[in-house]
Enquirer: 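Please find one structure pasted underneath; my questions will follow.
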Amino acid sequence: NIAYAIRLDGTFERMVFRSVPRQGKPYPPLAAVSSQQTVFRQDAVAGTLIGFWCPTFMQGVNVPGFHLHFLSADRQQGGHVLDFTLTEGRVQLDPTNSWTVQLPLDPAFLGTHLGTDQSEALHAIEQGQSAQ
């Protein structure tokens, strides 16, 4: 019933991750951005996974389950992890029993409508599918 920060340094038989192009103002919705994503696959790659595991009740604050990002050891490739096969590695877990959220006070954030339930679109995006 708590979240965990995760770091895994290792060698991966297979790493599948995605990235989206840099965005600019006015920032489009995540579902629109995900339709521009590129999916990469690397075999026999060394690098670091970083992210969180969150319990289901945290939906709405963060994504339930694993949310991981990859950075290659040479720092040349990375993105949101979709799938991987670990060859060997070292994992570090940090039980996280508190979370501080600081919201911006700028007019763009304060004037944005955030009341729409995005859970279905977010689930599709997190699984590497475009939510269209």
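Nothing fancy with the numbering, it's 1 onward along the sequence.
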Enquirer: Hey, does Leu49 have a side-chain heavy atom less than 4.5 Å from the side chain of Met15?
Expert: yes
Enquirer: Measure the spacing between CG of Asp9 and CD of Glu88 and express it to the nearest 0.5 Å.
Expert: 11.5 Å
Enquirer: Identify each donor-acceptor pair in which a side-chain atom of residues 105-112 lies under 3.5 Å from a protein atom, sequence neighbours left out, and give them as a table.
Expert:
residue	atom	partner	partner atom	Å
Asp106	OD1	Ala108	N	3.1
Asp106	OD1	Phe109	N	2.9
Thr112	OG1	Ala108	O	2.5

Enquirer: Find the distance between CD (Gln59) and SG (Cys54) and round it off to the nearest 0.5 Å.
Expert: 11.0 Å
Enquirer: For residues 20-28, dump all side-chain donor-acceptor pairs below 3.5 Å to protein atoms at least two apart in sequence or in another chain.
Expert:
residue	atom	partner	partner atom	Å
Gln23	NE2	Pro21	O	2.6

Enquirer: Looking at every heavy atom in both Asn1 and Pro55, which two are closest together, and how far apart are they?
Expert: C-CG, 4.0 Å
Enquirer: Grab the two heavy atoms, one from Ser19 and one from Gly78, that are nearest each other, plus how far apart they are.
Expert: CB-O, 4.3 Å
Enquirer: As an exercise, state the distance from CG of Leu68 to OG1 of Thr48, rounded to the nearest 0.5 Å.
Expert: 12.0 Å
Enquirer: Should Leu86 and Phe52 be counted in the same cluster of Ile, Leu, Val, Met, Phe, Trp and Tyr side chains packed under 4.5 Å apart?
Expert: no
Enquirer: Please examine the side chains of His67 and His80, heavy atoms only from C-beta on, and report whether any two atoms are closer than 4.5 Å.
Expert: yes
Enquirer: Group every Ile, Leu, Val, Met, Phe, Trp and Tyr by side-chain heavy-atom contacts under 4.5 Å, then state whether Leu8 and Val81 land in the same group.
Expert: yes
Enquirer: What is the distance from atom CG of Leu103 to atom CG of Leu114, rounded to the nearest 0.5 Å?
Expert: 9.0 Å
Enquirer: Between Gln42 and Gln77, does a side-chain contact (heavy atoms from CB on, under 4.5 Å) hold up when you go through it step by step?
Expert: CA-CA 9 Å; Gln42 291 293 310; Gln77 300 178 65; 3.0 Å; yes
Enquirer: Taking the inter-plane angle between the rings of Phe40 and Phe17 on a 0 to 90° scale, is it parallel (under 30°), tilted (30 to 60°) or perpendicular (over 60°)?
Expert: parallel
Enquirer: Testing the basics here: between Trp99 and Ala3, what is the closest heavy-atom pair and its distance to 0.1 Å?
Expert: CZ3-CB, 3.7 Å
Enquirer: Which of parallel (below 30°), tilted (30 to 60°) and perpendicular (above 60°) describes Phe70 and Phe12?
Expert: perpendicular
Enquirer: To the nearest 0.5 angstrom, please state how far the CD atom of Gln92 sits from the OH atom of Tyr4.
Expert: 15.0 Å
Enquirer: Can you tell me how far the CD atom of Glu13 sits from the OG1 atom of Thr87, to the nearest 0.5 Å?
Expert: 5.5 Å
Enquirer: How about Pro95 and Ile2: do any of their side-chain heavy atoms sit closer than 4.5 Å?
Expert: yes
Enquirer: Are side-chain heavy atoms of Phe84 and Val16 found at a separation under 4.5 Å?
Expert: no
Enquirer: How about Phe66 and Ile6: do any of their side-chain heavy atoms sit closer than 4.5 Å?
Expert: yes
Enquirer: Find out whether Arg41 and Val39 are in side-chain contact, i.e. whether some heavy atom of one side chain is under 4.5 Å from a heavy atom of the other.
Expert: no
Enquirer: Group every Ile, Leu, Val, Met, Phe, Trp and Tyr by side-chain heavy-atom contacts under 4.5 Å, then state whether Ile50 and Val91 land in the same group.
Expert: no
